[in-house]
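In what follows, a single structure is set out as structure tokens and then discussed.
Chain identifiers are assigned alphabetically (A, B, ...) following the order of the sequence lines, protein sequences preceding nucleic acid strands; residue numbering begins at 1 within each chain. The figures that follow rest on heavy atoms only: side chains count, while hydrogens, waters and symmetry mates do not.
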Amino acid sequence: YNLMMFPYPSAEGLHVGNIYAFTGADVNGRYHRLRGKTVFEPMGFDAFGIHSENHAIKVGVHPGELIPRNIANFRRQLRQMGGMFDWRHELSTTDPAYYKWTQWLFLQLLKAGKAYKKQAAVNWCPECKTVLANEQVIAGECERHPGVAVSQRFLEQWFFRITDYAERLLANLDDRAKMDWSHSTAMAQRNWIGRSEGAEIAFEAGGETIRVFTTRPDTLFGATFMVLAPEHPLTERLTTPAQRKTVEAYRQRAAATDLVSRRVGDREKTGVPTGAHAVNPATGEPIPVWIADYVLMEYGTGAIMAVPGHDQRDFEFASAFGLPVVRVLAAEGEDAGTPLEEALEATDDARLVNSGQFDGMNADEGGRAITAWLAERGAGRATVQYRLYDWCISRQRYWGPPIPIIYCEACGPVPVPEEDLPVLLPPLADFRPDDSGVSPLARDAAWYHVPCPGCGRPARRETDVSDTFLDSAWYYLRYPSTEFDDRPFDPARTRRWLPVASYIGGNEHAVLHLLYSRFLAMVLQELGHLHFEEPFARFRAHGLIVKDGAKMSKSRGNVVIPDEYIAQWGADTFRMYLMFLGPFEEGGDFRDAGISGPRRFLDRVWDYVGQAAGGPAGPGASAAPAEPIVAREALVKYHQTVKKVTGDLESLNYNTAIAAMMELLNTLREHEAVSLGVAEGLVVMLAPFAPHFAEECWERLGHGTSVMDAAWPGWDEQFLVQDRVEVVVQVNGKTRSRVTVPAGADEEAVGRAALADEATRRFLDGKTVRKRIYVPGRLINLVVG
RNA sequence: GCUCGGGUGGCGAAACUGGCAAACGCAGGGGACUUAAAAUCCCCAGGGGGAUCUCCCCCGUGUGGGUUCGAAUCCCACCCCGAGCACCA
């Protein structure tokens with residue numbers, strides 16, 4: 001199962017970046033097919049979603065009309081680039097036969113208690129006029145509208161409990177047997193899940209208990225005040241009558257501030273005291289309780305113990321409001337009373353001070369000891385926190401699968417019965433979102449008002465559609481089973497093809513699509529629908545194609561459309577050029593200057609094939625190397641190349657594979673070594689990169705069947721072992737000469753040969769050899785005094 | 001700030017596990033072919049210096065140190081570029 005990320009057909013067509021990614025994946029698929037595997041390489045279209053809808057709004061055409069048009073163009077380009085796609089299994093997420101099952105998935109998660117609804121502060125993009133997932137908010141701005149600040153709104157939203165799976169999602173990343181992934185992608189997921197070890201500590205405050213999470217329990221003695229998030233539920237009960245007005249004003253101001261600017265880290269600290277005091281369980285001292293918006297309700301417990309001596313944010317807050325700073329860490333020999341200019345970080349030689357019986361311990365020991373001490377008193381315990389949020393899937397937009405829920409006055413939210421799926425998206429003429437926060441779907445009265453499936457009384461439909469990432473979180477499950485309309489994925493097909501053997505795609509989806517897909521697979525496995533929990537056995541992130549050092553984007557005007565290049569140079573030359581540009585996993589800078597290199601190479605191969613087709617058959621790919629009718633050097637090069645190219649294709653090192661084939665051709669030409677067998681082997685090795693060209697060559701070489709049905713060439717080790725080898729001679733580590741010795745010569749023999757070598761002798765200059773280092777068959781280093 | 005990548009000729013890059021730095025290609029120079037140009041083919045090509053000119057020396061993989069017989073590769077410190085995360089307690 002050779003999977004690549006299906007495109008969203010929103011723009012004018014595929015750009016060079018898509019072609020690059022798909023070509024790299026297609027080379028992989030074709031290689032494995034030539035190795036004798038049955039390769040499934042499907043293609044489809046991620047055609048729902050905000051990208052597509054915004055494009056439709058911009059162009060002024062209904063997406064229901066525009067998207068099929070775009071898809072037709074994409075299909076044309078995909079055929080042109082020569083991908084080995086199985087079009088019988090094409091899918092589009094906008095097809096009711098597909099999104100029926102997207103809705104079905106929602107119902108399965110709902111049944112399993114993994115979907116829930118809550119009123120939540122959400123990211124609202126005033127430009128998209130919809131809620132964004134946290135993943136779609138980049139540095140406080142909408143990912144699709146740079147410069148547009150995302151604001152805060154409170155809406156009832158559907159969420160998926162991805163946080164229940166934080167530990168498993170994290171742990172599996174280290175399990176190579178389950179998932180062999182690009183390092184960078186796994187790393188991005190680790191960051192996103194954001195695991196922190198620490199302690200939960202209870203502070204008593206006038207009959208109430210404030211729980212905090214801290215990663216630094218060792219600094220407990222330095223906690224001189226506490227801070228609650230403005231939304232913290234305890235705020236109301238803790239606030240003293242004298243402070244009520246101040247606190248209320250602050251809370252209202254915080255609520256009006258959008259989520260985004262709340263999270264900008266370098267803002268001036270603001271906050272107000274509640275008037276209440278809590279007791280530091282370590283010191284027994286009363287410490288004031290404040291509220292401030294630098295503490296976030298969404299993380300940890302929404303409350304912190306503030307340790308201004310050893311946390312920079314707390315230090316800034318204490319400085320702004322004149323709160324006491326106590327240091328509880330000091331370097332060896334440093335005076336525990338020295339005042340701090342800024343928060344002091346824990347270092348290896350730092351020891352606890354001002355911390356009673358824990359004085360003298362380092363931060364780690366102290367943290368463990370204090371946590372244990374708290375646990376004995378029932379005031380704390382070691383715990384783990386994750387940065388991951390639950391996945392908000394509600395979108396107040398038109399172009400998506402309606403969430404299959406019906407609201408009834410009597411029964412509440414009722415799932416649409418599975419036999420009534422799909423809930424079809426009504427064909428709305430005016431599908432534009434407005435500021436109301438209500439999806440455009442509410443405007444279609446006939447669609448909106450339905451009888452309750454439970455009691456039959458008048459009810460109304462959920463008007464939100466689901467996030468595009470839900471569509472794409474399971475498309476790989478659908479591909480093998482596209483012809484079944486009575487099940488989302490056929491069990492036998494699924495067992496035959498899944499998990500995906502190779503998935504190649506961009507790292508921009510490292511924490512969105514790739515995390516959601518994993519989560520969904522885990523849930524489906526628990527529910528007994530799947531036999532695996534990790535959907536992608538191998539994932540490789542390809543690099544980015546940039547232009548003039550910058551990422552291609554419409555706003556920069558540096559997007560390269562592949563069509564003209566394919567028209568001018570041919571799809572195969574273009575594929576070869578892209579794969580030759582640099583390491584596939586690193587990407588590269590698109591320059592049209594270099595494209596003539598691969599073209600010249602293919603032209604020369606064409607000439608060589610012409611000669612070989614007319615010439616005598618010789619040893620090579622399939623034939624036994626009977627008569628060396630061509631120079632032995634050429635044959636050796638051939639077998640070396642087969643081995644090199646095979647290894648490089650396994651590891652996606654396409655650029656060096658192409659370079660090796662170029663070297664081979666250069667050697668063949670140099671020795672005028674024309675051989676049918678060698679030509680055949682070379683053509684088969686070229687087939688993954690230049691499939692149309694290889695097909696023509698194959699026919700020219702006298703074959704009546706497709707080159708894709710040929711066998712991958714093998715190499716003969718007998719050509720790889722040489723009877724004489726060249727050994728580099730170094731004197732004091734500098735290369736001075738080289739000598740040719742019989743393969744397997746021992747150190748003594750090579751040493752003698754080196755000493756007999758005239759060029760070497762000049763550098764020895766009569767001095768005695770103090771030491772001799774010999775790397776067998778490679779190098780000898782003579783150290784002279 | 002934290003976490004990952006990366007920095008090698010004019011350019012894209014290569015270099016197995018510490019063992020000939022620059023393979024392969026682009027651009028460039030010279031030559032052959034041609035009335036000419038394009039295409040094609042052959043040769044040259046990291047920098048500097050020397051020479052008895054089919055030869056030799058020195059320098060050279062972001063910077064500075066270190067380990068080693070030997071470092072693009074390993075270690076320490078720093079600089080720069082890219083990506084992810086970020087008032088995450």
Checklist entry - Taking only side-chain nitrogens and oxygens of A:Arg313, does any of them come within less than 4.0 Å of OP1 or OP2 of B:A86? => result no
Checklist outcome for this item: With sequence neighbours left out, the residues meeting ring-ring contact (aromatic ring centres under 6.0 Å, His included) with A:His310 are none
Checklist entry - Does B:C53 fall in syn (glycosidic angle within 90° of 0) or anti? => result syn
Item to check | N or O in side chain of A:His183 less than 4.0 angstrom from B:C4 OP1/OP2 | outcome: no
Checklist entry - Under 4.0 angstrom, heavy atoms only, what part of the nucleic acid is A:Thr301 near: base, sugar-phosphate, or nothing? => result nothing
Checklist outcome for this item: Residue set satisfying salt bridge (Lys or Arg N to Asp or Glu O under 4.0 Å) with A:Arg591, at least two apart, ordered chain then number -> A:Asp589
Checklist entry - Would one find a side-chain N or O of A:Asn666 under 4.0 angstrom from OP1 or OP2 of B:G25? => result yes
Next on the checklist: Across nucleotides 12-17 of chain B, 5' to 3', mark each nucleotide with B, S or - according to how protein heavy atoms within less than 4.0 Å reach it.
Outcome noted: BSS-B-
Give each protein N/O atom lying under 3.5 Å from an N/O atom of nucleotides 27-31 of chain B, with the pair distance.
| unit_1 | atom_1 | unit_2 | atom_2 | d |
| --- | --- | --- | --- | --- |
| B:A27 | OP2 | A:Arg600 | NH2 | 3.1 |

Next on the checklist: OP1 or OP2 of B:G84 versus the side-chain N and O atoms of A:Arg190: is any pair under 4.0 Å?
Outcome noted: no
Checklist entry - For A:Phe580, which residues count as a ring-ring contact (aromatic ring centres under 6.0 Å, His included) partner, sequence neighbours excluded? => result none
Checklist entry - Excluding sequence neighbours, so at least two apart, what forms salt bridge (Lys or Arg N to Asp or Glu O under 4.0 Å) with A:Arg387? => result none
